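One structure below.
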There are 2 protein chains.
Amino acid sequence: MATIYEVSKLAGVSLATVSRVMNNNTPVREATRLKVLAAMEELGYRPNSIAQSLASNRSNSIGILVSELYGPFYGAMISSIEAEFRAAGKHVIIAAGHSEESTEQDGIEFLINRSCDALILHVEAVSDDYLIKLSQSDTPIVLINRQIPAIQSQCISLNNKLGGYLASRLLLEKGHRQLAYISGPLWKTDAKERYRGHQLALQEYGLQPDERLFFEGDFHESGGSDGVAQFLQQGLHFTGLICGNDEMASGAMTEARECGLDIPGDLSIVGYDNVMLSHYTYPKLSTIDYPIAAMGQMAARWVLKHIYQQDKLDVQLVFEPKVIERDSCISLAPTLG
Amino acid sequence: MATIYEVSKLAGVSLATVSRVMNNNTPVREATRLKVLAAMEELGYRPNSIAQSLASNRSNSIGILVSELYGPFYGAMISSIEAEFRAAGKHVIIAAGHSEESTEQDGIEFLINRSCDALILHVEAVSDDYLIKLSQSDTPIVLINRQIPAIQSQCISLNNKLGGYLASRLLLEKGHRQLAYISGPLWKTDAKERYRGHQLALQEYGLQPDERLFFEGDFHESGGSDGVAQFLQQGLHFTGLICGNDEMASGAMTEARECGLDIPGDLSIVGYDNVMLSHYTYPKLSTIDYPIAAMGQMAARWVLKHIYQQDKLDVQLVFEPKVIERDSCISLAPTLG
DNA sequence: TTGTAGGCGTTATCAC
DNA sequence: GTGATAACGCCTACAA
């Protein structure tokens, strides 16, 4: 592989000049620039990015940590982040945190040791304090789906409470009054916020939450099916069900159907996230859109703006969810209201 | 950030010795090793991976190119690759090729310029010749889901023809004789092979393929729905449908149901890939398992073995698909056979 | 077993 | 505008 040195010899200029035409940060006479360009072409020269990084103290790599690499949710996020950086000539190093505190910390450490210029984190298990401390170290971080007041300007988040509110209101507006709720793990902030939104909606309609119609699931399919199974075993009556995410909604749907309920005839269901599967269920799932692709892109822009000085870019920190109505919810006949 | 030099001073040894205890490739007296370790600890020393790379001519990074970053299929693949490398202290740089020749080539170039030690590619649009040429350059490559005789030892692939055969035989065994087939784009090798398997199964049962019951889709949901729509508009009769992948099967299922068909009562459907969505459809989709996670892991092992000299590892190049029976296929009543 | 010194391919700071 | 030359932080013969 040709080096900058060989190029300089062939072009009959100094090594420094070659570097200048590469980075065009210093004026170079047009004639020499062309000579250099020709020499690079002839040698098939490609800059060694590692040497560049060592000399410039910039790796042009951004670390991304997500809970899981598979699944529609993170896929969409990573995809939009990669596209944005790729267009800017940066590259992306990925790691998985598996929603586990020590694994998440390991992952972060791993990425830092890889000399990433910045980190984009979608972490769940790690504490606020840890992240605040981390943000004071050398490697800048951006958080997705997390709100920490002390470092708010680095947090890109969704208004989860509003989403929970919208999901519940969708059913309330359709006349449903007996609502069940299957939540994600309440130690996860987003799960808690979504549930808060639900409570808010109930309150607005003058309803009391019924503890027996609440189930704390795991954000996986089994959480949804377990929840429905429990409600039904207790002989509880409910015509609407709000789930903390689409996976659980899918599990709930399957379980309800196996117990002889017609969806949406006997039970209306709303999910949350609008991941791809919500489109594959039968009936198609009504849900709350989580604009994860846009948020990932924004995280990338944040980095481009603050770390790579692309000042013109605008970043938006808080996103709003919106209702996606499909086929899993129906209006309750007024006589039944 | 502390450097190796500061550590050496604090420990009262030479810089080379510090390097030795880090890489423990040269004997170091236990006492000195401990001194060095203590010094590293005290300074919170972390090796600069970029400097290591420059000096050792090893970046410890592996480039991965897939068609898309989202979607269950690639997610599972990337996930298993990352896990395998992470455990080995290597990291993974990802890029998307979007099934488009120039984008795939750009992506490969991009990764090569990033000084990856090796590339793992799941490419579709790029030609065999290009890949053969590529494999002669400095950066080693491994191919997933592609068979190129000239570089067979670097190809990790699925026996797609067998899968197509198994899918069709599943329906034939259940008594179905009027079979429709919705294929992926035939310029994609895997789509073509799967279809070949189908033809093989028909032949085994003494049946002729009916051209009118063949539709070339796009591997997306719309391909499945378009295919079914076309068959039905032509008033064709068929009791079994094989789809080139699960997405199309899902689309087909939805369309068929909207046309008033009961699944599997009126029509049995088989997919291919066994991605997560096959589990979310209603009824749950019978399909052919594509062990993509295992194949990704194997690609990673290939690299560890051949590039990083982890000689003990065994690699398997060809994988076998298998039938996953769920709820979307039924046996045809003998009287109707 | 340990130290010395040259080199990896750039960038960046000086002079000229 | 351009050319030396010193970093950047580490690895690795070669010597001792």
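Keep in mind it's a predicted model, so treat the numbers as computed, not measured.
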(request) Using five pairs at either end of the helix from dT1(C)-dA16(D) to dC16(C)-dG1(D), determine the angle between the two local helix axes and round it to 10 degrees. (result) 40°
Rounded to the Å, how far apart are [X] [atom1] and [N] [atom2]?
X	N	atom1	atom2	result
Asn57(B)	dT12(D)	CG	P	10 Å
Gln52(B)	dC11(D)	CD	C1'	9 Å
Asn25(B)	dT12(D)	CG	P	7 Å
Lys9(A)	dG3(D)	NZ	P	15 Å
Asn60(A)	dC8(D)	CG	P	20 Å
Met40(B)	dG9(D)	CE	C1'	15 Å
Ile4(B)	dG9(D)	CD1	P	11 Å

(request) Would you please indicate yes or no on a ring centroid separation below 6.0 angstrom for His91(B) and Phe85(B)? (result) no
(message) Using a 4.0 Å heavy-atom cut-off, does Thr32(A) contact any base of the nucleic acid, only the sugar-phosphate backbone, or nothing at all?
(response) sugar-phosphate
(message) Within the 4.0 Å heavy-atom criterion, would you say Arg33(B) contacts the bases, only the backbone, or no part of the nucleic acid?
(response) nothing
(request) Identify the 5'-most and 3'-most nucleotides of DNA chain C with at least one atom closer than 4.0 Å to a non-hydrogen atom of chain A. (result) dG9(C) to dT13(C)
(message) Closest-nucleotide mapping onto DNA chain C: is Ser56(B) or Thr26(B) further toward the 5' terminus? I mean the 5' end.
(response) Thr26(B)
Taking [atom1] in [X] as the centre, count heavy atoms belonging to other residues, nucleotides or ligands within less than 6.0 Å. Is the count above 12?
X	atom1	value
Tyr70(B)	OH	no
Glu41(A)	CD	no
Gln309(B)	CD	yes
Lys9(B)	NZ	no

Quick check: do [X] and [Y] have side-chain heavy atoms less than 4.5 Å from each other?
X	Y	answer
His122(B)	Met77(B)	yes
Asn145(A)	Ser157(A)	no
Gln297(B)	Ile81(B)	no

(message) Closer than 3.5 angstrom, by distance alone: can the side chain of Ser8(A) be matched with the main-chain N or O of Tyr5(A) as a donor-acceptor pair?
(response) yes
(request) Look only at the side chain of Ser53(A) and the backbone of Arg58(A), and say whether a donor-acceptor pair between them is shorter than 3.5 Å. (result) yes
(message) Between the side chains of Asp117(A) and Lys90(A), is the shortest nitrogen-to-carboxylate-oxygen separation below 4.0 Å, so that they form an ion pair?
(response) no
(request) For DNA chain C, determine which residues of residues 11-23 of chain B have any heavy atom closer than 4.0 angstrom to one of its atoms, and list them numerically. (result) Val13(B), Ser14(B), Ala16(B), Thr17(B), Arg20(B)
